[in-house]
*Asks:* 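So that we are looking at the same thing, I have put the structure below in structure tokens.
We use all heavy atoms of the structure for the numbers below, so side chains are in, but hydrogens, waters and symmetry mates are not. Per chain, numbering begins at 1; letters A, B, ... match sequence-line order.
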Amino acid sequence: MKFGVVIFPGSNCDYDTYYVLKDVFGQETSFLWHKEHDLKGVDCVILPGGFSYGDYLRSGAIAKFSPLMKEVIEFASKGGLVLGICNGFQILTELGLLPGAMLRNKNLKFLCQFVTLRLENDRTPFTHKGKKGNVLRIPIAHYEGNYFAPPEIIKELETNNQVVFRYSDAQGRVKEEANINGSLGSIAGLTNRKGNVMGMMPHPERASEALLGSQDGRLVFQSIIESKNI
Amino acid sequence: MKVRILVSYKDSVLDPQGQTVKNALHTLGYNFIEDVRQGKIFELDLKELSPEEVEKVIPEISDKVLANPIIEKFSWQIIDKSQTREGREKIST
Amino acid sequence: MKVRILVSYKDSVLDPQGQTVKNALHTLGYNFIEDVRQGKIFELDLKELSPEEVEKVIPEISDKVLANPIIEKFSWQIIDKSQTREGREKIST
Amino acid sequence: MIDKKILEEHNLTSEEYEKIVELIGREPNTTELGIFSLMWSEHCSYKSSKVHLKALPTTGKNVIQGPGENAGIIDIGEGLAVVFKIESHNHPSFIEPFQGAATGVGGILRDIFTMGARPIALLDSLRFGPLANSKNKAIMEGVVSGISSYGNAIGVPTVGGDVYFNGCYSLNPLVNVFCVGIVEKEKIFYARAEGEGNPVLYVGAKTGRDGIHGATMASAEFGEDLEEKRPNVQVGDPFMEKLLVEACLEVMAKKLIVGIQDMGAAGLTCSTSEMAAKSGTGIEIDLDLVPQREEGMTPHEIMLSESQERMLIVAKKEKVKEVQQIFAKWDLDAVHVGQVTKGGMIRVKANGQTVVDLPVEAIIDLCPVYERELKRPSYLESAHKSEPIPLTNDYNEALQKLLSSATLASKEWVYRQYDHMVQTNTCLLPGADASVLRIKDKKKALAITLDGNSLYSYLEPREGGKIAVAEACRNLACVGAKPVGVTNCLNFGNPEKPEIMWQFKEVVQGIAEACQAFDIPITGGNVSFYNETEGAPIYPTPVIGVVGILEDVSKAVSPGFKQEGDTIILIGENRDDLGASEYLKSVLNKEKGLPPQIDLEEEIRSQEFCLEAISLGIIRSAHDVSEGGLAFCVAECCFLNEQKFGCQLEPRDELRTDALLFGETQSRIVVSTQSQNVQELLDLAKKKKVKASIIGRTGGKNLVIRHLEKEVVDIPLEEVRQLWRGTLPEVFKIK
Ligand SMILES: Nc1ncnc2c1ncn2[C@@H]1O[C@H](COP(=O)(O)OP(=O)(O)O)[C@@H](O)[C@H]1O
Ligand SMILES: [Mg+2]
């Protein structure tokens, strides 16, 4: 599997993601500079976390105009795998590759902490190594992660089984107290209709090594790596 | 010329920032304030454009860049001094 | 009644947000835009107040709560329908 | 004509002015006077503190760079070095909490990456007035979000810090920010302007009328004229800084430049003259070429502007194009504004005219140095006078009060606003005694901590200085790390007052003594004087930052108990040390008494014991006893275990119960261990000549303490944990 990690000028989880793919999983991984038009023949594009353009306007609002995004849209439309993590998720919604938008966290503060998530859909290329109902412990770190979409879109997401992760308590119960940032439907991650584009607010690259306190994020990368078999 | 673009959440979207401001004002005793909505404002300095150009370009910029149409609405005005005075604009120093 | 308060950085203060937006607009080819300043806007719904009360209370609120007078300035206007039309306000949908 | 009033505005005395005239052989023009005003200000010149700072040990076999550069550097082996420094941003944070704190973060980051190092961690030491006052609350809220906005955006994790509350900080909050970076030894860069004819490049944000006289502001008390000083606050642009970090590290890694310096306090003035001074050269620049944000700026304004996110680079002559290409890739301009010259002069042109023509030496090296008057303050006598401390009969209540005092309550509300995990190196998250950061692909790790109890320093400055160092090192020992270098931020009142100067001298002596005992060098620091508003000074507040090395990252120990049924052992001795304690302060409302006296030999033995026990793998948790005493320490060990069990303690000391529970005797560490390791641990203690006593066992739903045959504390753990965790969120609840 060949991975490409996109670097925007303000990306700051680019190297973290690269390190996990390359050094922890031993995958062929390259950086993709946002100003270029070359996806270097990768099989999976990752839009990493960070503050792509400082995020002064809205997270991801300016990154969507980066030259490379043309190629990413085309790649996605042909079924290529695209994963957006945190700011990457925000960019995917701005690009229209995923529905909805992000509001500020309900407590109006940046939140950095481990959260628990319930895996809702184990039939995506990003999660097929897990089982529906699995509870994952993965950190979040964002200010604008409060997922919003109009009711009809939410309904569609549910009907099509596009919701992949929801914030839950440690037992996997989805409830308002566990919905840390106020997201509609407690949505923490979702795919597009076709299932080849996923966005998630939690950072799986921060939970892929025992030393960092959790390895639950490996599920996502392992699934992608083995996705050719599904 | 100067154009002012106002971007704010659609009425159907909750505005916790506005709520927080309202509560802060109530705590200070300004109870006659019934609601607060918070938004963003952009003041653009432009080369002189024709009215038609402005009509075209400002909504375009707003839709594409300044506002996210899923959650936000925008409105805009050309600012000229006389109107501003009418609007009872005051600059604190 | 409705009052709109605009809060933005004083002219001498760096406005990184406005700069970033300007750069983005230039990249997109909107080169006729010479400057962008970004600010905040608060729309207040109030109980009906006398003009004198408004004159007193709005600057007070702005100074105390909405703006930090050290780096920000504010301006305000009473919004009424007719003026808004005059101001060529447009709501996108 | 330069008159008294003008000198006053420039914070210069008439003697200082005469010296300037003598040094340059003529009267300075106003731009030049402005330059002297800044460079000879307390903030830039250390004119009052220099004589005392000499006492600090600054050398050692691993010191690559001691005080004097942008940051200190310590060799950590395997070709790597750690670069670190602490800075205060107190005055700006009072005036504009959000931007003041944010730009403080921006400034210290530049100090680190100008040395060629990638910043890997930030820590923040914060001091506020009581939160019952809404102004203090707003300051704290603004400061924390300011730090978070800058550090998070730029992608450097804020991994720790401390927060104390005291009335003395009400109109004088302290915001000290500590940054750590890592660099390969042969890639270290210095602020040098070498090579006659080498081009001087300006990069980063445009120059505006920001913070003109910021350094002079930090060198004067706040009085009635506060309002006028207000416009000196700048707005930070972390996105710009992120671009600068990446671009600067790239040109440094490619060895395209000779030297680099950030433009912080005193902006262009400071960067040009310091770079030239260090290389024995001169610099010539043309202000017409300097990118400007506003029209009509005078040379004076451009030279003194403190606009953020700017760097000055001396490039290799033949590499200018390449440097500019790299900056362009990051959407930045690198503007050629001047060159390095021979002969030690700073020469500035504007509109074709020479507006500054000064010898570098006069600006930097020949600045006056003062040995100010010292006087032991009179408050000490009454504060030390012993008076009976009333015994309480409800220790449950006393402990609950302590736990929910803002100083001791959980700081999760603060650190969860900070991205403390970005860069994926943080192995021990905030909440532990020290933060542990792995170094990717290496076995060893860094441990970092900050400390400084100003109540101790107020009541006995020398002891306070010693304890600050000792406690910071103890925090490192608790996670298993050995200290390798120290930086310090000394926050004091007005040095022109003999009492303040005495406090300063005493604290510095204490720090020096402790560093000598631990045999660790001080590689730099920062002095912040004039922390007074309308004549009321803060308590003397030394903040000590220590960096340590953990030889094997997999052995890091955290403070939380690990399993029910483990044995709890106290290292060190409980004594009757209630003076200057948090208990006296927050439960009995007294800030009095003598702080605990520290025996540095005993301290070192305790720490060495702890380190060895951790490397042998025979302890499961370790937490030092500090503010709040033994009872609070043990409560925290319970709170920090994820299974939420309690413990039962029965210490056997013949002591007043309040002193046993809440006294702050130094050199104590609470550890827990499995029963099969108890004997080995006790044997090791004997060998290391430290006192170790079994004081209890983990488990149960309650926190229970028996003393002198009585159950003195018995409370449901979950209840007090909620109290401890909930205190700050309750204060800042969105209503
Ligand atoms: N301002 C802050 N920023 C980040 N972390 C903080 C801050 N204040 C406290 N913490 C974290 O909370 C924990 C407890 O702090 P403190 O009580 O000062 O510890 P100690 O007394 O052991 O030094 C530490 O892990 C510290 O890093
Ligand atoms: Mg500690």
*Asks:* Can you tell me if A:Lys194 has over 12 outside heavy atoms packed within less than 6.0 Å of its NZ?
*Replies:*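 Enclosed.
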*Asks:* Does atom NZ of A:Lys40 have more than 12 heavy-atom neighbours, drawn from other residues, nucleotides or ligands, at distances under 6.0 Å?
*Replies:* yes
*Asks:* Less than 4.5 Å to any heavy atom of chain B: does that hold for the side chain of A:Ile153, its backbone, both, or neither?
*Replies:*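 When you check distances to chain B, no heavy atom of A:Ile153 falls under 4.5 Å.
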*Asks:* With A:Leu103, which of B:Ile71, B:Asp15, B:Asn68 fulfils side-chain contact (heavy atoms from CB on, under 4.5 Å)?
*Replies:* B:Ile71
*Asks:* Would you say that B:Val65 contacts A:Phe65 through its side chain, given a criterion of any heavy-atom pair below 4.5 Å between the two side chains?
*Replies:* yes
*Asks:* Counting only heavy atoms closer than 4.5 Å, note whether A:Leu108 contacts chain B via side chain, backbone, both or neither.
*Replies:* side chain
*Asks:* Using a 4.5 angstrom heavy-atom cutoff, name the option from A:Lys106, A:Met102, A:Arg104 with the most pairs to chain B.
*Replies:* A:Arg104
*Asks:* Measure across B:Ile70 and A:Gly100 and return the closest heavy-atom pair with its distance rounded to 0.1 Å.
*Replies:*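 Taking B:Ile70 first and A:Gly100 second, the nearest heavy atoms are CD1-O, 3.3 Å.
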*Asks:* Do other residues, nucleotides or ligands put more than 12 heavy atoms under 6.0 Å from the NZ atom of A:Lys35?
*Replies:* yes
*Asks:* So which heavy atom on B:Lys64 is nearest to which on A:Lys64, and how close?
*Replies:*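 Closest heavy-atom pair between B:Lys64 and A:Lys64: O-NZ, 3.0 Å.
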*Asks:* Any chance NZ of A:Lys155 has more than 12 other-residue heavy atoms, nucleotides or ligands included, within less than 6.0 Å?
*Replies:*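 Atom NZ in A:Lys155 is not crowded, with 12 or fewer foreign heavy atoms closer than 6.0 Å.
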*Asks:* Just give me the residue among A:Pro150, A:Ala101, A:Ala61, A:Gly182 that pairs up with chain B most often, heavy atom to heavy atom, under 4.5 Å.
*Replies:*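 Of A:Pro150, A:Ala101, A:Ala61, A:Gly182, A:Ala101 has the most heavy-atom pairs under 4.5 Å with chain B.
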